K.L.:
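Structure incoming, see below.
All values below come from the heavy atoms of this structure, side chains included, with hydrogens, waters and symmetry mates left out. Note that this is a predicted model, so its numbers are computed, not measured.
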Amino acid sequence: MRRATLFLSAAALAALSSCSTPTVDGSPTPTSGGPSSAPSSSTGLPPGVPKVEHPIDVARFKQDPCATLTEPRVDELLGPRAEAERADGAAGPSCLWRIPSTSRPVVQVIVSDFGDSGTAKFYAGKGTNYKVLEPLEPINGYPVTAYGVIDRRGQGDCSVALGTSDTQTLGIASTLSEVNVGKKDPCAIAREAAIRVLATIRGGN
């Protein structure tokens, strides 16, 4: 996959970095490869915060965040001409995919550098750090939460947190193409990207 000029999702980056303590058609399902062992908080989570029963160790993806999506899965989301670019930002290493010579659509995955409280930190920021905080349908038991420091869903932008353990999330941001703004739900598209990320990090085909 070729390299492209980076276009970071500012809202996703700001949302992830603002709090370090305590959401395409089709629905492919991860089919093989179980989660690897990873530390999970054995202490009680705050009320309403979903627990991750089978944590996944995502530390290896900090070295290569672009490995969180395979090329065929990027093709499903953006088309066969999408290119990838890695960056190291305040929130952690990330990879962004987009079509060359365009600014959108975009899919970005951020591997958080924070030793945080996972999904709990988003719930703790509801109404303060995050104007948007909505739980979406979990993916195979892994919580997915739409969040945003500002609400840009009307402009075709949405970020979701995929809980991979009680202490770790992956940030997944989606920006719709101009033609799909107002026609598709950007958080649903971000969740579709999260389905594919989860399948990839679990080793599914």
K.L.:
How long is the span from the CG atom in L198 to the CG atom in N140, to the nearest 0.5 Å?
P.N.:
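Rounded to the nearest 0.5 Å, the CG-CG separation comes out at 6.0 Å.
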K.L.:
Identify whether the distance between the nearest side-chain nitrogen and carboxylate oxygen of R86 and D88 falls below 4.0 Å.
P.N.:
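Yes, charged N to carboxylate O under 4.0 Å.
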K.L.:
Using side-chain heavy atoms (C-beta onward) and a distance below 4.5 Å, is P186 in contact with L176?
P.N.:
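Result yes, sub-4.5 Å side-chain heavy-atom pair found.
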K.L.:
Using the rule that two of Ile, Leu, Val, Met, Phe, Trp, Tyr join whenever any of their side-chain heavy atoms come within less than 4.5 Å, decide whether V132 and I172 are in one cluster.
P.N.:
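In one cluster: no.
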K.L.:
Could you tell me whether R73 and E192 make a salt bridge, using a distance below 4.0 angstrom between a side-chain N and a carboxylate O?
P.N.:
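Looking at R73 and E192, the cut-off is not met.
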K.L.:
Which pair of non-hydrogen atoms, one from T200 and one from T68, has the smallest distance, and what is that distance?
P.N.:
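That closest heavy-atom pairing would be CB-O, 3.3 Å.
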K.L.:
If you define the side chain from C-beta out and look only at heavy atoms, does anything of L133 sit under 4.5 Å from F122?
P.N.:
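L133 vs F122: side chains touch.
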K.L.:
Might you point out which heavy atoms bring A82 and V74 nearest each other, and give the distance in Å?
P.N.:
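Minimum heavy-atom contact is CB-CG1, 3.6 Å.
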K.L.:
Which label fits Y147 and Y130: parallel for a plane angle under 30°, tilted from 30 to 60°, or perpendicular past 60°?
P.N.:
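Perpendicular, since the angle between the ring planes exceeds 60°.
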K.L.:
Less than 4.5 Å apart, side chain to side chain, heavy atoms only: is that true for L69 and V197?
P.N.:
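Yes, at least one pair of side-chain atoms sits under 4.5 Å.
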K.L.:
If you measure from OG on S177 to NZ on K184, what distance do you get to the nearest 0.5 Å?
P.N.:
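So the gap between those two atoms works out to 7.0 Å.
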K.L.:
Could you grab the distance from atom CG of D166 to atom OG1 of T119, nearest 0.5 Å is fine?
P.N.:
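It is 8.0 Å, given to the nearest 0.5 Å.
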K.L.:
Would you call S174 and V106 a side-chain contact if the rule is heavy atoms closer than 4.5 Å?
P.N.:
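Counting from C-beta outward, S174 and V106 never come under 4.5 Å.
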K.L.:
Out of curiosity, N180 CG to D185 CG, how far, rounded to the nearest 0.5 Å?
P.N.:
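Answer for the CG-CG pair, N180 versus D185, is 11.5 Å.
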K.L.:
Roughly how far, to the nearest 0.5 Å, is OH of Y142 from CZ of R202?
P.N.:
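Between R202 CZ and Y142 OH, I get 4.5 Å after rounding to 0.5 Å.
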K.L.:
Can you find a pair of side-chain heavy atoms, one from T145 and one from E134, that are under 4.5 Å apart?
P.N.:
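SC-SC contact between T145 and E134 ruled out.
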K.L.:
Hey, mind stepping through V58 and L170 against side-chain contact (heavy atoms from CB on, under 4.5 Å) and telling me if it holds?
P.N.:
CA-CA 9 Å; V58 298; L170 294 177; 4.3 Å; yes
K.L.:
Between R196 and E76, does any NZ, NE, NH1 or NH2 come within less than 4.0 Å of an OD or OE carboxylate oxygen?
P.N.:
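R196 and E76: salt-bridged.
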K.L.:
Heavy atoms only: give me the nearest S112-K62 pair and the separation to one decimal.
P.N.:
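So the two residues come closest at O-CE, 3.3 Å.
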K.L.:
Between K131 and V149, what is the shortest heavy-atom contact and its length?
P.N.:
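What the structure gives for the nearest pair is CB-O, 3.7 Å.
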K.L.:
Has D151 got a side-chain atom pairing as donor or acceptor with R153's backbone, closer than 3.5 angstrom?
P.N.:
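Yes, the answer is positive, given that a donor and an acceptor are paired below the 3.5 Å cut-off.
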K.L.:
Nearest heavy-atom pair of R191 and P138: which atoms, and what distance?
P.N.:
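Closest heavy-atom pair between R191 and P138: NH2-O, 3.2 Å.
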K.L.:
Enter the distance from D75:CG to T70:OG1 here, rounded to the nearest 0.5 Å.
P.N.:
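Rounded to the nearest 0.5 Å, the CG-OG1 separation comes to 8.5 Å.
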K.L.:
Between T175 and Q108, is there a side-chain heavy-atom distance shorter than 4.5 Å?
P.N.:
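SC-SC contact between Q108 and T175 ruled out.
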K.L.:
State, to 0.1 Å, how close P135 and Y123 come at their nearest heavy-atom pair, and which atoms those are.
P.N.:
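Here P135 and Y123 meet closest at CB-OH, 3.6 Å.
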K.L.:
Is it the case that one hydrophobic cluster holds both F61 and V109, taking links as side-chain heavy atoms less than 4.5 Å apart, direct or via other members?
P.N.:
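Linked within one cluster.
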K.L.:
Is the shortest heavy-atom distance from the side chain of R104 to the side chain of E178 under 4.5 Å?
P.N.:
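Contact flag for R104/E178 side chains = yes.
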K.L.:
Donor-acceptor pair, R60 side chain versus D57 backbone, under 3.5 Å?
P.N.:
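Checking the backbone N and O of D57 against the side chain of R60, a donor-acceptor pair under 3.5 Å is found.
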